[in-house]
Structures are given as C-alpha cells and as structure tokens.
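Take a look at the structure set out below.
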There are 2 protein chains.
Amino acid sequence: MTHPVTGGDLQRLRRLNALSALAALRAGGPMTLTQLAERADLARATIKVVVSDLMELGWVAQMDPSGGEKGRPARRYRFRGEAGRVLGLDIGAHKVLGVVADLDGNVLHTTREPVTPEQPRAERLAAVDRVVDACLTGSGASASDVWIAVAGSTGYVDLQGRVVLSRAIQDWSSVPLADHVGARLGCAVLVENDSRLAALAECRRGIARDTPNLIFLHVGRRAGAAVVLDGVPLRGGGGAAGEIGVHPLFNLGHVGELLQAVPAVEPGTPPDAVAGAVFEAARRGDAGARGAVLRYVKVLALATSAMALTVDPDLVVLGGGFSRSADVLLEPLRDELETMCLRTPELRASVLGDECVAVGAVCYGVEHLSKTLFNPETGPLPADTPPPLMV
Amino acid sequence: MTHPVTGGDLQRLRRLNALSALAALRAGGPMTLTQLAERADLARATIKVVVSDLMELGWVAQMDPSGGEKGRPARRYRFRGEAGRVLGLDIGAHKVLGVVADLDGNVLHTTREPVTPEQPRAERLAAVDRVVDACLTGSGASASDVWIAVAGSTGYVDLQGRVVLSRAIQDWSSVPLADHVGARLGCAVLVENDSRLAALAECRRGIARDTPNLIFLHVGRRAGAAVVLDGVPLRGGGGAAGEIGVHPLFNLGHVGELLQAVPAVEPGTPPDAVAGAVFEAARRGDAGARGAVLRYVKVLALATSAMALTVDPDLVVLGGGFSRSADVLLEPLRDELETMCLRTPELRASVLGDECVAVGAVCYGVEHLSKTLFNPETGPLPADTPPPLMV
DNA sequence: AATCTTAATGGTGGACTTCATCATAAATTC
DNA sequence: GAATTTATGATGAAGTCCACCATTAAGATT
C-alpha cells in the first residue's frame, strides 16, 4: 500500500550514504570530493570517510591527478567498473553472440558464432559454451570474474527464466538454459526474451534514450514485440507480455510471408533474401512491391495500434532484420498508425544493429546487480568477493 | 539508471524512521510499542521517541487500554486517519457520486445525484458542486478538512488531469474539471479516467485484492478498459493507456449494439433495457439471445486478448453495467479467451458495484497523499495544517 | 488477600555519525 | 616571490540509536 520507507540504524545511515555516493559516482563519472559532496548532498568531511571506506572495499579508486585547473589539484575518484564482469548472450536463430562488459556496462569483448535454426539442442548449447569460453579468454577474465550472466533467447520466457516455448528455434522449448550456463560460470544467470532486451538496449543506449515509454517492434520473417514502461521492460504476470504475435487477427508469426509473391522478385531467390528484394523493388518504385509492403504494413499497424492503445507509449521503435529497410517501412507504417491511434506514438528505426540484444542483456545484468548488490540492507559488500548467488 | 538511494543527515534518519513507523502503523493497524518496534525493525527506545514526536505532530493517537492480555497492559497507538479527509467523485453519464473518506480510506459519507448524458456542461458542473457541498455537510467536514479530491470521469484524461475527449457525455471534452472543483475546495484535485479508478478499486478492495496485474474490462453500452500493473494503474506516456475501444477491428464503442435485434426481446423495450432483456433471454436458454451474446463475447474477447497478450495480466475483471449479467457472460468469454491467449488470465466479475469508481478515487487520493505527504525529503509535516497544494 | 508471573515502561550511559569551522597544504597566476 | 585559489586535515559539538537495568502495573496463583 504505502511504498516502503526504511530507516534504521546509524550504521544503516552510513550504508545509505555510501550507496548514495557510489550511485553518484557511477552516474556522474569521475569526480572530486567536493563535486561528489555536492551531488550526494553530504558534507565534505562525510564524503571523505565514505570514499575511503569504499576504496578499502575495492569499489572506488583514485585517479591520476589531471592538472590544468587553477588551485591545488583535487584528487579525483572513480567507480571501479573493472571490479567485476557482466556477460551478455544473444542466442538467436542464426547466431550466438557473447559480449563481456564491466560493471559500467562498457563492452570489452565480443564473440560470435553462426548457428542454424534447425540445429539440435545439444549442438546449440555447445555453441553457447564455445562462445562463453571465447568471451572469457578473449577478455582475459576468469569465470569467477563474471558476476552475472544474462541470456536473451527467442520465445516466451517465464518469470523464472525458463524458455517455455520457442517457435523460431527447433528443439529449444523448455531448455534449462540458466542451469547450463550457470554450471559453467558459477554465477547467477538470468534468461530473458530477446525482444525485451533489445527494447531495453534501445531505451538505454539507442534511439529511445530520452523516452521511457516505448514499444519495440521486432520485424523480420517472424514478428515479435516488447514493451518498456517508465524505463523498465514489462514482463507481465507470467513473462509473456508483448507476445501479441499469437493473436488470431494479426498472425504476426507469418506476416513476413506477405512479402513473398511479387513479380519483381526473380524466381529462385533464396527465401532469406526475398523480403530484402521486395523492399529493394519497392524502393525503386515497383508497384507490385509497394502493394506487398503496404499489405504487410497494414497488418503490422493493426497489431501495433492494439498494443499502443493498451499501453500508450510515446515511441515505437522498429527493430529486427526488416528494420534495415526502415526507409521503405517507416512512412507507410506511420500513416497507418495515425489512423488507428488515439495518441499516435512517434515512430523511429532501431539504431543498435545486431548486437542490440547482447547489449540489452548487459544493461539488464548491470541493473540487476545494482538492485541486488547495492542494496541498503546489506550495504556495499567487498568488491573482491564475487556476489552471492541470487536469482 | 540506478534507483535513487538517498542517505543524508541524522535528522533525515530520524525522519526516515518516523515515516517507517507511520507506514507500519497504517499498514498494520493499532499496535503496541513493542509490536511497532518489531515491525519497523527499530529498538523500543527509538520507537518511543519517534511515536511521541508523531503524537505531537498529530499523526498518531493513543487508544483506550484494551485489557484482556496477561501482563501489564500495553498502550496501543493508532494512525489518526481523521486528521484529514479525501473526497472521491464519480462523474458518470447518468449519475454524479461523491464519497468522503478519512486518510485510512474508510468511507464516511456518500452522496449521489442523477444526471443525463445530454445535460449541458454547466448543469453537470452544478450537479458536481451540489454533490461536493452535500458531501461536506453530510460528513460534517469543512472545505479545509479535505486534503485532496480525486474525480473520475469517462473519456480520455491526460497526465495533467484534463479531460481531453469524452464520447459518452455531451459537451464535456476539455472541461476544466480540476480547476472547477479545486476552486471550490481549495485543495489539490486529480482527475482520472473512470475505468482506471474502478480497476484500482477492485485491485485494492475488490475481487482482485491478491492480484497486482490485471485488466479491468468496463462493459456496457460502451466498452472501455484499464490496466493495472504491479498494483499501479497504468497511465502510459499520455494517459491514454487502455483506450483499446478506438481500435478499428474491435469498435468497442458500439459493441453493445450487438445485443439489440433479438426476437425474444419485445419491440418497444426502452433502449437502456434491451441488453438486460437479451441477457435474461439468454439465461432462459433462448437460442437467438445466446447467439447475440456469443457474437458480443467474440468481439470482446478479441479486444481483451490483444490487451492480454500485450501486458500479460493474471486476471481480467469484468466490470461495468453488463457485469450484472456475468453469469451469462463469464463462461463464453472465458472459453473464447482460452483460444486466443498464450497464458490465459483468470476471469472474474467485479464485486464492488456502482460505487466502484468513487472508491477507486478515494484509494487513488490516499495513495497520492502517501507519496507526497509522507515524503522522506520533507518528513512528516504537522497533521493539523492542510498539506501544501501539489499536483 | 498476599504473592508470583508476565510484560510494558522509564532512564542512563555508551557508541556512532554527521556537520561546521578553522588552520594548513599544494598547486597556478601575476 | 607574493597573491590567489582550491583541496586537505583536524577538532569539537550536536544528534541519533541502542543495550541494559531497575521499576511499574496488571492478571494468575495460592
């Protein structure tokens, strides 16, 4: 009912102040004591004690004096992002992508390996293992340096991180992905829907950086969606939020097929290239192709407006493979949406490319760590010890 | 990025503890010092000081000793809900309903006045004024006792509380409702969509008390919806969340008309009674009526499943005028939803009746006060002084 | 009716945290 | 080299919480 206001001990106040300082340092970059005192709204003397505590714990390091200022040069302090590592995985239909980042979310290393949708589960898991190993060796980290791993997978992922159902990947439903990766790394592993992570990535570092309420539209041969509200990916009561694709009127699972039979596309074009060819023809002005695109956009708009009317976002981000053809899609989609919405959201194309999901996984991991590690109950734990296992 | 961890002064710690004690007292009812110390996780000595502070401020009062226990009888303390009043208004098409409650949300008085959808704006506002006055005199309160008023109105209400657009009520779009009521009461006035308030009421005190994620379906001659996520009504980027009714495929604005032309209903039945007659006939087993109900339910299910797939609720609550015929609607609607959802939500009928919106308005007001008054920044202000104007 | 048990109450001292203030130190600038 | 600017270090004061102990007030027992 009322939101939890927790006071407590004097030591707790100290913890609160330490966390406040740490948060200010993380958000505002390297700072002097005076700046930090101002941002955290604490006295200099207090901040000094707090910061020296944090340095002992390993969370904060002193930087080389920069000089260039007028008076006595102030010591500058920074958050030690290198204290731990976050691993982001994108397990898609055609590739497995691994990204290692520090606690600030800076990407340190990327590994990618191709897979096919038809591969059996064991082979795909082996590919995941190889990517994880390559990530570790490539970034010079050991398994114990990784504090949390987040894996994005297609399909409906429930609140416990189980892949309940996947249509895009063969033999993948109810795969024990978290256990598999967790056994290898010995850290907490979160599994999330890939669209949701992509949406988060666009919201944090992409086209939606200034927009907390958005719908991410994953368009490709299959279509999916994710919703972000107040900057937080919406999971819903069971993790199925955004799965508008199964609605009987929209049938987004096969909406990509609307882009098949167009005269302008030569017979014999490989299936994966058909859509691109249609877009290309539409770009050139081919009437048949434009008609196909319009039919496709109409269906997409119907589904999108249903979601938009439900959650009233400020922005719709067009992502996924077809977003490369945003120049052809954006305008007609915008026109269609205009006719169906009460408060038509803006429409923009994704900008993060194919590392989108992995970057979102890193963001998700960093934020999860923030919530659990930097917790007022436990205070900032020593940075050297890896965090306790959590889910 | 990181959620705000604010520490601060020693006095701030005291404020935090005072608020923590107050929150515990509000949530847990009257308590002894020992119980309170346990709930707020503070030492008895501390709680004692905090509580005597709160008594001086007027937030807490001592109760009569109850006795009946074994040892020395403990003094029991309670939150002084009577320190202020919250006014909830439901401005509907056919009635204006006013409810006065204390800060605990206990309803003290109710006033109702009939109106018609066709009445001009001035008449409707005059009716609102009369209801407000009757609420004050009826509950023995003066205008300055009312700390906040919340008005529920049909139509699209934006984030600033402006009624942007109303189709159900004539001459109502962009009415300056908050200003009008605020001028009369001299307190903050919030305006919200009525379905959203009804949803909140069901979530706090109705059929959904244990369910934080739900969709409230307002069914009647016109249909509307509202979404509650994690116990919070979803407004969206511009306050239009839940307005699925304007979607071209669902046309919920006139979905009630599907219940018109049924042979079992005698010609000449007044328009308002037709739907009820159809439901009655369907209840008796009339085939034509059952068919009409089924057609109606199909449309409703399409819209509901679109929303459900978007936000993945645990529950759909059937409310509004037609929910009186839930016995006829629930089962077919459940069956239809079953075929369209990935994770089919539970389906229940509203239980709060026609005071639903006003009760939701009170809940909303109480919770808004909790957020603004009981704010760690300002600490618990003296209870006697009415709160500063806020929006 | 006197005594025992139970549990709340009141008070004291100690430990801790934060803050304001002042004198000092280390750079740049003139 | 002096003046200026800014950071640093140290001290004392004030505020807050907690553990502990003796005291008080009621019901339960004999």
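A:Met63 places its CE atom 16 Å from the P atom of D:dA7, with the value rounded to the nearest Å. In this structure, A:Arg76 places its CZ atom 15 Å from C1' of D:dT6, rounding to the nearest Å. Remark: P of D:dC17 and CG of B:Asp41 are 13 Å apart, rounded to the nearest angstrom. Computed from coordinates, the A:Leu36 CG to D:dT8 C1' distance equals 16 Å when rounded to whole Å. If you measure from atom CG of A:Asp53 to atom C1' of C:dC16, you get 13 Å, rounded to the nearest angstrom. A:Ile47 places its CD1 atom 16 Å from the C1' atom of C:dA20, with the value rounded to the nearest Å. The distance between atom CD of B:Gln35 and atom C1' of C:dA7, rounded to the nearest whole Å, is 12 Å. Residue A:Arg15 contributes atom CZ, which lies 20 Å from atom P of D:dT16 at whole-angstrom precision.
A salt bridge is defined here as a Lys NZ or Arg NE, NH1 or NH2 lying under 4.0 Å from an Asp or Glu carboxylate O, and B:Asp53 with B:Arg14 meets this definition.
Of the residues near DNA chain C, A:Thr46 and B:Lys48, the one whose nearest nucleotide (by heavy atom distance) lies more toward the 5' end is B:Lys48.
The A:Arg44 side chain lies nearest to D:dA7 when the options are D:dA19, D:dA7, C:dA8. Each of C:dC19, D:dT16, D:dA7 was ranked by its minimum atom distance to the side chain of B:Gln11; first place goes to D:dT16. For B:Leu13, counting side-chain heavy atoms from C-beta on, the closest listed nucleotide (C:dA20, C:dA8, D:dC17) is D:dC17. Listed candidates were C:dA8, D:dT8, D:dC18. Nearest to the side chain of B:Thr34 is C:dA8.
Residue contacts shown for B:Arg75 are limited to sugar-phosphate atoms, with no base heavy atom under 4.0 Å away. Using a 4.0 Å heavy-atom cutoff across all strands shown, B:Thr32 reaches no nucleic acid atom at all.
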Using salt bridge (charged side-chain N to carboxylate O under 4.0 Å, His left out), reason through A:Glu202 and A:Arg209 one step at a time and then give a plain yes or no.
CA-CA 7 Å; A:Glu202 292 291 348; A:Arg209 220 169 311 168; over 6 Å; no
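Distances shorter than 4.0 Å separate none of the side-chain N or O atoms of A:Asn17 from OP1 or OP2 on C:dT17. Remark: B:Arg14 is in phosphate contact with D:dC17, judged by side-chain N or O atoms under 4.0 Å from OP1 or OP2.
A side chain to side chain contact (heavy atoms under 4.5 Å, CB included) with B:Tyr77 holds for exactly one of B:Met31, B:Met55, B:Met63; it is B:Met55.
B:Arg85 places no side-chain N or O within donor-acceptor distance of the main-chain N or O of B:Ala143, the cut-off being under 3.5 Å.
Using cut-offs of 30° and 60° on the angle between ring planes, the pair B:Trp59 and B:Phe79 is parallel.
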